[in-house]
Peer 1: 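Got a structure for you, questions after.
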Number of protein chains: 2
Amino acid sequence: MFDNFHCSHMFSGISPESYSRMMVCFNSSPKKYSAGETICFYEPKKRTVAIVEKGRAVVVKTFYSGSQTILEQLSDGSIFGEVFYFHSNTDGISVIAASECTVRFLDYEHIMTSCHNACEHHSQLIQNLFSIISCKAAELSEHIDVLSHRTTREKLMAYFQIQSSKNNSGKFKLPFSLSALADYISVDRSAMMREIKKIKEEGYIDISQREVTILKDYIQ
Amino acid sequence: MFDNFHCSHMFSGISPESYSRMMVCFNSSPKKYSAGETICFYEPKKRTVAIVEKGRAVVVKTFYSGSQTILEQLSDGSIFGEVFYFHSNTDGISVIAASECTVRFLDYEHIMTSCHNACEHHSQLIQNLFSIISCKAAELSEHIDVLSHRTTREKLMAYFQIQSSKNNSGKFKLPFSLSALADYISVDRSAMMREIKKIKEEGYIDISQREVTILKDYIQ
DNA sequence: ATATTACTGTTGCATAAGCAACAAATTACA
DNA sequence: TGTAATTTGTTGCTTATGCAACAGTAATAT
């Protein structure tokens, strides 16, 4: 379970032995859920940190209409909880098992308050938690950087630029579908497709399916 | 210095006596700056947490062209540092004294690592830092909520709704100028003015200068 | 008091972008 | 393997929005 993290890692720098001891100290035992089962609902003032030790789950928002959006995909090693969800409104947010999975719940207060037991890596845990939050914030900030451009073209190029520098390459694969990209940059999908076509024709990028190549720099 | 925080507070729940003791433990002595003086530059991997104990300062981004944007306004009790700035690129970011001011620098590692001295409120400090970061993240998230609407009208109404619920009133004062609002929602100012006029005419809101009143709910 | 700067309010024009609707291609899945 | 569901690619129409440019007002500085 110690890979697959997007940003940092909740237990990096902590040995499996230390991890086990800490779980005892936290008085946390793993709970099992079968596919489709609701793991929990997000509640306003609750501050539990949960870890998906094994399996896949999703954080979903259910609207009054009954329609749902996936807010986050969780897999082995992922963490979730109110602390990582930066909205005041937790209405309709729940976590649902996508496969059979094992989840551990930790008390936020216990994480924050240094304990008197043998948790030698407690401060490491806190630092990791901090990195995770900072990383989430950085992602939000990145999203704002993209969204704060006026035109579809500028949004697209800003997004491509970011992906390109993340991959250290002018060639990269989109992490999600073009439809999802349209959602991410908050523009109409058909309008985006039209713009992509133009950008291609003007020779700035090449793109087919999810493969993007930046051909020349787009200034401003 | 214990007020004036936007979100939470670095030293809330910590007595002045405990604060003084901690400053000794942190080996941090206050430094003085006169108006206009550069307090520091943001550097890529540096992680110093700084506190404006007295006076006013600004975090500014200076572009290659020489033009500047104020990223943040700091006053008595404000904190700043790389940890609170969620971009990988720190180029051209500096903190400048706006008036004579006193600043304290704390080592991030020392904050995170629980110390063996008499800092009884160390874990409180960590929790406060955590609240501050979470709060900043929540603000970013709020900004995304506004920006991810397609039209100027929707962005405006989303923004007004948020302000209204923050003030617990349908009547509130904009925290900045209309020009700045146009920047915040990332639309052309004149287009925004045109839309505001329409929204007024249709009776959704009333607005003159910076006073906004929501008259009827805007659905969707 | 006067100059300077910033902010507010308005308009014409060209076009970018939203919406709706459809066909083709791709992927998922039973 | 075959069928459904999703994604991609395209177009016509209408309108919202960006841009430029200007005048009037408020705020700030000298």
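Each chain gets a letter, A, B and so on, in the order the sequences are listed, and its residues count up from 1. Keep in mind that this is a model prediction, so the values were computed, not measured.
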Peer 1: Between the protein and nucleotides 12-14 of chain C, which nitrogen or oxygen pairs come in under 3.5 angstrom?
Peer 2:
| from | atom 1 | to | atom 2 | distance (Å) |
| --- | --- | --- | --- | --- |
| C:dG12 | O6 | B:Arg194 | NH1 | 3.2 |

Peer 1: Check this for me, if you would: do A:Glu53 and A:Lys31 make a salt bridge, where the nitrogen-to-carboxylate-oxygen distance has to be below 4.0 angstrom?
Peer 2: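 Salt bridge flag = no for A:Lys31 with A:Glu53.
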Peer 1: Any Lys/Arg nitrogen of A:Arg153 or A:Glu202 sitting under 4.0 Å from an Asp/Glu carboxylate oxygen of the other?
Peer 2: yes
Peer 1: By salt bridge (Lys or Arg N to Asp or Glu O under 4.0 Å), which residues pair with A:Arg47, not counting sequence neighbours?
Peer 2: A:Glu109
Peer 1: Tell me whether A:Lys46 at atom NZ has more than 12 heavy atoms from other residues, nucleotides or ligands lying less than 6.0 Å away.
Peer 2: yes
Peer 1: Nearest whole angstrom, please: distance from the C1' of C:dT10 to the CD of B:Glu195.
Peer 2: 15 Å
Peer 1: Using atom CD1 of B:Ile70 as one end and atom P of C:dA6 as the other, report the distance to the nearest whole Å.
Peer 2: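 These atoms are roughly 12 Å apart.
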Peer 1: On the nucleotide C:dA16, are OP1 or OP2 found under 4.0 Å from the side-chain N or O atoms that A:Lys198 carries?
Peer 2: yes
Peer 1: Below 4.0 Å from chain B heavy atoms, what is the first contacting nucleotide of DNA chain D and what is the last?
Peer 2: D:dA16 to D:dA20
Peer 1: Just the rounded figure in Å: distance from P of C:dA17 to NE2 of A:His149.
Peer 2: 13 Å
Peer 1: Quantify the bending of the helix from C:dA1-D:dT30 to C:dA30-D:dT1 as the angle between its end axes, each fitted on five pairs, to 10°.
Peer 2: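 Between the first-five-pair axis and the last-five-pair axis there is 70°.
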Peer 1: Between N or O atoms, less than 3.5 Å apart, protein on one side and nucleotides 26-29 of chain C on the other: list the pairs.
Peer 2:
none

Peer 1: Please confirm whether the backbone N or O of A:Gly55 pairs with a side-chain atom of A:Asp76, one donor and one acceptor, at under 3.5 Å?
Peer 2: yes
Peer 1: Output all residues satisfying ring-ring contact (aromatic ring centres under 6.0 Å, His included) with B:Tyr108, sequence neighbours left out; order by chain, then residue number.
Peer 2: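 Partners of B:Tyr108 by the ring-ring contact (aromatic ring centres under 6.0 Å, His included) criterion, ordered by chain and then number, come out as A:Phe130.
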Peer 1: Got a sec: does the NZ of A:Lys171 have more than 12 other heavy atoms crowding it under 6.0 Å?
Peer 2: no
Peer 1: Would you please name every residue forming a side chain to side chain contact (heavy atoms under 4.5 Å, CB included) with B:Gln73, sequence neighbours left out?
Peer 2: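 Residues passing side chain to side chain contact (heavy atoms under 4.5 Å, CB included) with B:Gln73: B:Val58, B:Ile70.
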Peer 1: Assess whether side chain to side chain contact (heavy atoms under 4.5 Å, CB included) is satisfied between A:Glu72 and A:Phe80, documenting all intermediate values.
Peer 2: CA-CA 9 Å; A:Glu72 216 172 334; A:Phe80 64 91; 5.6 Å; no
Peer 1: Can you check the B:Arg150 CZ to C:dA16 P distance for me, whole Å?
Peer 2: 18 Å
Peer 1: Of all residues at least two apart in sequence or in a different chain, which pass the ring-ring contact (aromatic ring centres under 6.0 Å, His included) check with A:Tyr42?
Peer 2: A:Tyr85
Peer 1: Residues in side chain to side chain contact (heavy atoms under 4.5 Å, CB included) with B:Ala191, at least two apart?
Peer 2: B:Asp188, B:Arg194
Peer 1: Under the 3.5 angstrom rule, does the side chain of B:Arg104 hit a backbone N or O of B:Ser28 as a donor-acceptor pair?
Peer 2: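 Here the side-chain-to-backbone pair exists.
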Peer 1: Here's a test for you: under side-chain contact (heavy atoms from CB on, under 4.5 Å), which of A:Val187, A:Leu181, A:Val146, A:Thr151 qualifies with A:Leu156?
Peer 2: A:Leu181
Peer 1: Under 4.0 Å from any atom of DNA chain C, heavy atoms only: list the residues of residues 170-189 of chain A that qualify, in numerical order.
Peer 2: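 Output list: A:Val187, A:Asp188.
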Peer 1: Let me know the distance between CE of B:Met192 and P of C:dT10, rounded to the nearest Å.
Peer 2: 12 Å
Peer 1: Ignoring hydrogens and angles, state whether a donor on the side chain of B:Ser34 or B:Glu37 is under 3.5 Å from an acceptor on the partner side chain.
Peer 2: yes
Peer 1: For residues 87-100 of chain B, which side-chain N or O atoms pair as donor and acceptor with protein atoms under 3.5 Å away, sequence neighbours left out?
Peer 2:
| from | atom 1 | to | atom 2 | distance (Å) |
| --- | --- | --- | --- | --- |
| B:His87 | ND1 | A:Ser141 | OG | 3.4 |
| B:His87 | NE2 | A:Ser141 | OG | 2.9 |
| B:Asn89 | OD1 | B:Asp91 | N | 2.9 |
| B:Ser99 | OG | B:Arg56 | N | 3.0 |

Peer 1: Applying ring-ring contact (aromatic ring centres under 6.0 Å, His included), can you list everything that pairs with B:Tyr159, at least two apart in sequence or on another chain?
Peer 2: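 Once residues adjacent in sequence are excluded, the partners of B:Tyr159 under the ring-ring contact (aromatic ring centres under 6.0 Å, His included) criterion are B:Tyr184.
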